[in-house]
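One structure is given below, encoded as structure tokens.
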Amino acid sequence: MTDVYRDIPTLDDLGDVAGKRVLVRTDFNVPMETSASGERVITDDFRIRAALPTINWLTERGASVVCASHLGRPKGAPEPKYSMEPVRRRLAELAPGVELLENVRFHAGEEANDPAFVAELVADVDAFVNDAFGAAHRAHASIVGPPRTLPSAMGQLLQREVEVLLHLRHRPKHPFVAVLGGSKISDKLGVVEALLDVVDALVIGGAMCFTFMAAQGLPIGDSLFEPDQVDTCRRLLAQAKPIHLPEDITGVDADGNYVTFGRRLPPGAKGFDIGPGSAAAFSDIIMDSRTVFWNGPMGMFEDERFANGTRTVAQAMADTKAFTVVGGGDSAAALAQFDLDDRIDHVSTGGGASLELLELGDLPGLDALRKAPNAR
Ligand code: ADP
Ligand code: MG
């Protein structure tokens with residue numbers, strides 16, 4: 001593996017943890033909804049279960065574990081909606097005896113990386129483990145603070161994420177194709193640029209494709225696009241690596257009728273999915289690759305009428321012999337919805353973090369661990 005990984009302490013580098021109190025930064029930012037009786041309920045506990053190997057590793061060796069996590073985006077003060085209480089109840093079932101602090105983002109010091117809040121977090125704690133891949137790209141107190149003073153390590157989940165994503169970045173099997181979609185193109189253009197250095201081709205669907213199509217001078221009707229990114233897309237299209245865009249688009253016309261268009265959308269039309277021709281073409285590309293990274297749904301898959309592109313790509317990801325990696329909360333949710341998640345080699349628990357690690361090869365949370373007192 002690469003240098004970026006080898007110099008980060010792992011659980012074995014914590015030494016004997018028996019009788020020690022270990023703070024584990026987990027990513028328990030689980031999806032929730034409010035039930036009819038007004039109670040907050042967890043709709044998917046994947047992120048809690050994903051932390052169990054690390055928690056169990058520690059407790060089996062006699063450590064007492066206290067977890068800390070964020071949940072949602074409270075503004076530095078307590079908000080009942082974002083209380084960890086439902087997570088605490090589920091954790092008590094899955095890992096009895098493990099403690100869980102209240103939402104770290106209830107403290108303004110978390111996002112501000114305030115030393116006073118770090119001091120609170122590390123009081124009475126003997127060691128620190130970061131297993132929160134989904135938050136490791138944030139220089140927040142609970143991510144970068146504890147390793148300044150405590151013997152620290154990456155947990156098994158974080159380690160696996162780092163291994164897989166740095167493998168993609170540094171030594172993928174070719175052909176290596178990245179399939180990108182979703183809605184927020186400006187968030188993802190950095191990684192598109194970085195990926196162009198390592199992939200053999202890019203495949204672009206989702207709302208993202210309309211900014212690229214606009215850059216090609218195609219009419220896109222009233223589809224979602226980002227005017228200030230058109231120039232960047234034009235520049236990306238001009239470089240040497242192939243960028244595959246949809247040849248057909250499914251959406252609604254100006255009267256709201258469900259229509260599949262070609263590459264030109266009439267005035268007032270809105271594209272909500274790649275069309276069946278594009279879905280088949282993208283599927284072929286995935287089947288013929290040896291490494292595929294997928295981030296971002298191909299369409300507004302939450303609406304069954306516009307789920308076909310995402311389902312076809314998800315099915316190809318499941319069927320291909322390629323090494324497959326999926327990053328992104330909505331992409332992972334789509335896989336789960338189609339019941340294909342266990343046929344993917346690695347479903348990343350972090351959307352933004354997986355993109356940033358692919359793009360930059362490092363994360364603030366990893367850098368902090370590398371500088372911990374017990375690091376090699
Ligand atoms: P991820 O969480 O996997 O990184 P994003 O958050 O970037 O993905 O984008 C997911 C969202 O993009 C989904 O809610 C989906 O409905 C939306 N989306 C995809 N394609 C379109 C489209 N053509 N028009 C509008 N929204 C779209
Ligand atoms: Mg998302």
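Along the sequence shown, the residues carry numbers beginning at 1. One-based numbering, in listed order, for ligands and for the atoms of each.
Between Asp126 and Arg21 there is no salt bridge, since no side-chain nitrogen of the basic residue lies less than 4.0 Å from a carboxylate oxygen of the acidic one. Under a 4.0 Å N-O distance rule, the pair Arg370/Asp362 qualifies as a salt bridge.
With a 4.5 Å cut-off on side-chain heavy atoms, Val325 and Leu165 count as touching. No side-chain heavy atom of Asp273 sits less than 4.5 Å from a side-chain heavy atom of Asp303.
No part of Lys270 comes within 4.0 Å of ligand 1, judged by heavy-atom distances. Contacts between Phe210 and ligand 1 below 4.0 angstrom, taking non-hydrogen atoms only, involve the side chain exclusively. Counting heavy atoms under 4.0 Å from ligand 1, residue Asn295 touches it through the side chain alone.
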* To do: Go through Gln315 and Ser283 one step at a time and tell me if the side chain to side chain donor-acceptor pair (under 3.5 Å) criterion holds.
  => CA-CA 8 Å; Gln315 190 65 52; Ser283 170; over 6 Å; no
* Can Arg138 and Glu110 be said to form a salt bridge (Lys or Arg N to Asp or Glu O under 4.0 Å), step by step? -> CA-CA 10 Å; Arg138 312 267 188 220; Glu110 167 64 0; over 6 Å; no
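Looking from atom 23 (N) of ligand 1 to the surrounding protein, the closest heavy atom is Gly271 O, 3.2 Å. The protein heavy-atom contact nearest to atom 7 (O) of ligand 1 is Lys188 NZ, 2.7 Å. Among protein heavy atoms, the minimum distance from atom 26 (N) of ligand 1 is reached at Met300 CG, 4.1 Å. Atom 11 (C) of ligand 1 has its closest protein heavy atom at Ser183 OG, 3.7 Å. Considering only non-hydrogen protein atoms, atom 6 (O) of ligand 1 sits nearest to Asp330 OD2, 3.0 Å.
The ligand atoms of ligand 1 that sit less than 4.0 angstrom from a heavy atom of Ser331 are 1 (P), 3 (O). Contact atoms of ligand 1 toward Phe272: 23 (N), 24 (N) (distance under 4.0 Å to a heavy atom of the residue). Per-residue contacts place Gly206 under 4.0 angstrom from the following atoms of ligand 1 (heavy atoms of the residue considered): 20 (N), 23 (N). Heavy-atom proximity to Gly296, at under 4.0 Å, picks out these atoms of ligand 1: 3 (O), 8 (O).
Distances from atom 18 (N) of ligand 1 to the heavy atoms of Ser354, Gly299, Pro297, Ser223 show the closest one on Gly299. When the heavy-atom distances from atom 20 (N) of ligand 1 to Ala332, Gly309, Ala207, Gly327 are ranked, the shortest goes to Ala207.
Remark: ligand 1 and Glu302 share an N or O pair separated by less than 3.5 Å (distance only, no angle test). Taking any N or O of Leu224, backbone or side chain, none lies under 3.5 Å from an N or O belonging to ligand 1.
One finds the OG1 atom of Thr320 at 5.0 Å from the CE atom of Met287 (value rounded to the nearest 0.5 Å).
Distances from the Mg ion (ligand 2) to the N/O/S atoms of Asp330 are shortest for OD2.
The backbone N or O of Val177 lies less than 3.5 Å from no partner atom in the side chain of Ser289, so there is not a single donor-acceptor pair. The backbone N or O of Glu226 lies less than 3.5 Å from a partner atom in the side chain of Thr211, making a donor-acceptor pair.
The six-membered or imidazole ring of Phe210 lies away from that of Phe225, with a centre-to-centre distance of 6.0 Å or more.
The aromatic rings of Phe338 and Phe301 stand perpendicular to each other, their planes meeting at an angle above 60°, with 30° marking the opposite boundary.
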